[in-house]
Amino acid sequence: MIGPPRIGTKPLATLCRRLATSLGAGVDARTVWSREAGAARGSGRSRFAQINEGVQRGASVSDSIEQTGKYFPEFFRELVKVGEQSGQLAEVFRRLADHYEHQVRLRRALLSALTFPAIELTLALGVVGILIYVMGAIPQLADTGVDLLGFGLKGAGGLMTYLAFLAIVGFALFLLVRAMVRGVLWVSPIQRALMYVPTLGTALETFAMARMAWAMHVTLNSGMDLRSAMKLSLGNTHNVLYTQHIDRVLRAIRSGREIHEALAETRAFPVHFIDAVRVGEESGQLVESMGNLSAQYQDEARAAMNVMAVLLGFAVMALIAGVIIYLIYQVFINAYLNPIRDALKPI
């Protein structure tokens, strides 16, 4: 695990939708959170119990949620606070539900697109494992001392070593992806490097700008003060290329600069994004502009997700091709060329 447990995107989307429906129907907060605490399971059970205890004591929902630490995202916690202060908590939960449900759909689409390449990769790695086992399990092959794959692995022992290596690599990749999602500092160089990869970098930029435009639309429309809204919006990109400029943007706004000027000074944001912010500010319709821009970016994000899926699919196929070529080369060297060389050596 990286850091303390956090609620997943899918259960958070479901929670927001339930809360929006219940509060919108006039159900009081005590009843709502008592029901949520009773239905909670797993690692979230104690957190929901904390929230319920706070609400039953008469504390605000936002203060009770704060007691759970970082179990809920900062963006969620801050919007709940503003929604409660403005008396629009049900509407805030509805908007949050729409946002997190969209994230779930994007993730599901990516996983669906990667299912077939993942099966191919599993089969290729499985074939390697079978060959390792067979070279030690069949006496005729084991007695020759020939290592067809060149790994130095044979039989059941070699297979266990191979599987352990795959498990370590898989776990390391899992930790890397999880760290990038959580914004852990040590993955910042990797995230920066990915932003400069052709096509992939464009897709990642689209995802980040879609989240930022939506966040600006919601936070600026919620009554939140400008600097807090921009801090949350920049943080909601989940991309170090933009979050690294939070302090700089806030200082510029504090000194009286317009939002589009503060963003332009960083030289990190797309020109069309800054232009949309500028037009929105000059027309006095920034909230509406960000809502329209968010919808456009979400359409682009879906297209970008398809592009990423294709790229990852090609990457997996290239990896499989590399494994097959390597295996053919090793078998040729160890099963054919080396025996000939040994036979030609003078006695």
Side-chain angles (χ1 to χ4, degrees), residues 1-105 107-108 178 181-184 211 214-236 238 243 246 287:
M1 295 294 291
I2 296 179
R6 296 186 185 181
I7 188 170
T9 304
K10 185 176 181 180
L12 182 57
T14 305
L15 171 66
C16 290
R17 184 62 67 191
R18 288 198 306 267
L19 294 174
T21 301
S22 298
L23 294 175
V27 182
D28 67 279
R30 287 186 174 87
T31 301
V32 170
W33 286 104
S34 176
R35 183 186 305 153
E36 292 297 333
R41 297 290 182 271
S43 61
R45 187 167 189 171
S46 61
R47 274 80 178 181
F48 281 94
Q50 279 183 285
I51 298 172
N52 182 47
E53 289 172 6
V55 172
Q56 300 304 326
R57 289 198 311 266
S60 66
V61 173
S62 57
D63 287 343
S64 302
I65 289 176
E66 286 292 340
Q67 297 304 310
T68 64
K70 295 184 177 181
Y71 183 70
F72 294 95
E74 180 185 11
F75 190 81
F76 172 89
R77 302 196 306 268
E78 292 297 324
L79 275 186
V80 169
K81 184 183 298 182
V82 173
E84 198 166 29
Q85 292 171 353
S86 62
Q88 298 181 342
L89 193 54
E91 177 62 17
V92 165
F93 279 128
R94 184 189 68 79
R95 290 177 179 273
L96 287 170
D98 291 341
H99 172 62
Y100 292 123
E101 286 169 357
H102 176 68
Q103 298 300 315
V104 170
R105 287 194 295 271
R107 186 178 302 176
R108 187 180 296 134
R178 193 175 182 86
V181 170
R182 292 198 170 195
V184 179
R211 288 191 292 264
W214 179 87
M216 288 179 66
H217 170 68
V218 174
T219 55
L220 295 173
N221 195 36
S222 67
M224 183 181 294
D225 71 273
L226 181 57
R227 288 195 296 273
S228 297
M230 289 307 300
K231 179 182 178 181
L232 283 178
S233 299
L234 287 163
N236 198 50
H238 302 304
T243 56
I246 290 178
V287 173

State, with a plain yes or no, whether a side-chain heavy atom of [X] is found less than 4.5 Å away from one of [Y].
X	Y	result
Leu232	Met224	yes
Met230	Arg227	no
Tyr71	Ile51	no
Glu36	Leu19	yes
Arg94	Arg17	yes
Gln103	Arg211	yes
Ile65	Phe76	yes
Val82	Val92	no

Problem - Modelled atom types, side-chain donor and acceptor of Glu84 and Ser62, under 3.5 Å - result: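 Their side chains do contain a donor-acceptor pair, which is all the 3.5 Å distance test asks for.
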
[X] side, atom [atom1]; [Y] side, atom [atom2] - distance, nearest 0.5 Å:
X	Y	atom1	atom2	answer
Asp225	Lys231	CG	NZ	10.5 Å
Glu101	Arg108	CD	CZ	9.5 Å
Asp63	Arg57	CG	CZ	10.0 Å
Glu91	Leu96	CD	CG	10.0 Å
Arg95	Cys16	CZ	SG	13.5 Å
Tyr100	Thr9	OH	OG1	8.0 Å

Exercise for the section: Test Glu53 against Gln56 for side chain to side chain contact (heavy atoms under 4.5 Å, CB included), laying out the working first. Expected result: CA-CA 5 Å; Glu53 289 172 6; Gln56 300 304 326; 5.9 Å; no

Practice task
Apply the side-chain contact (heavy atoms from CB on, under 4.5 Å) test between Asn236 and each candidate in Glu74, His99, Met216; give the one that qualifies.
Solution key: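 The passing option is His99.
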
So, [X] side chain and [Y] main chain: donor-acceptor pair closer than 3.5 Å or not?
X	Y	value
Gln67	Gln50	no
Thr68	Ser64	no
Ser86	Gly83	yes

If you compare all heavy atoms of [X] against all heavy atoms of [Y], which two are closest, and at what distance to 0.1 Å?
X	Y	result
Leu23	Val27	CD2-O, 3.5 Å
Leu220	Ala229	CD2-CB, 3.8 Å
Ala29	Val61	CB-CG2, 4.2 Å
Arg6	Lys70	CG-O, 3.4 Å
Ala215	Ser233	C-OG, 3.5 Å
Gly24	Ala90	N-CB, 3.7 Å

Practice task
Just say parallel, tilted or perpendicular for the rings of Phe75 and Trp214, cut-offs at 30° and 60°.
Solution key: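 Taking Trp214 first and then Phe75, their aromatic rings sit tilted (interplane angle of 30° to 60°).
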
Exercise for the section: Go through the steps to decide whether Leu79 and Phe93 satisfy the test side chain to side chain contact (heavy atoms under 4.5 Å, CB included), and finish with yes or no. Expected result: CA-CA 9 Å; Leu79 275 186; Phe93 279 128; over 6 Å; no

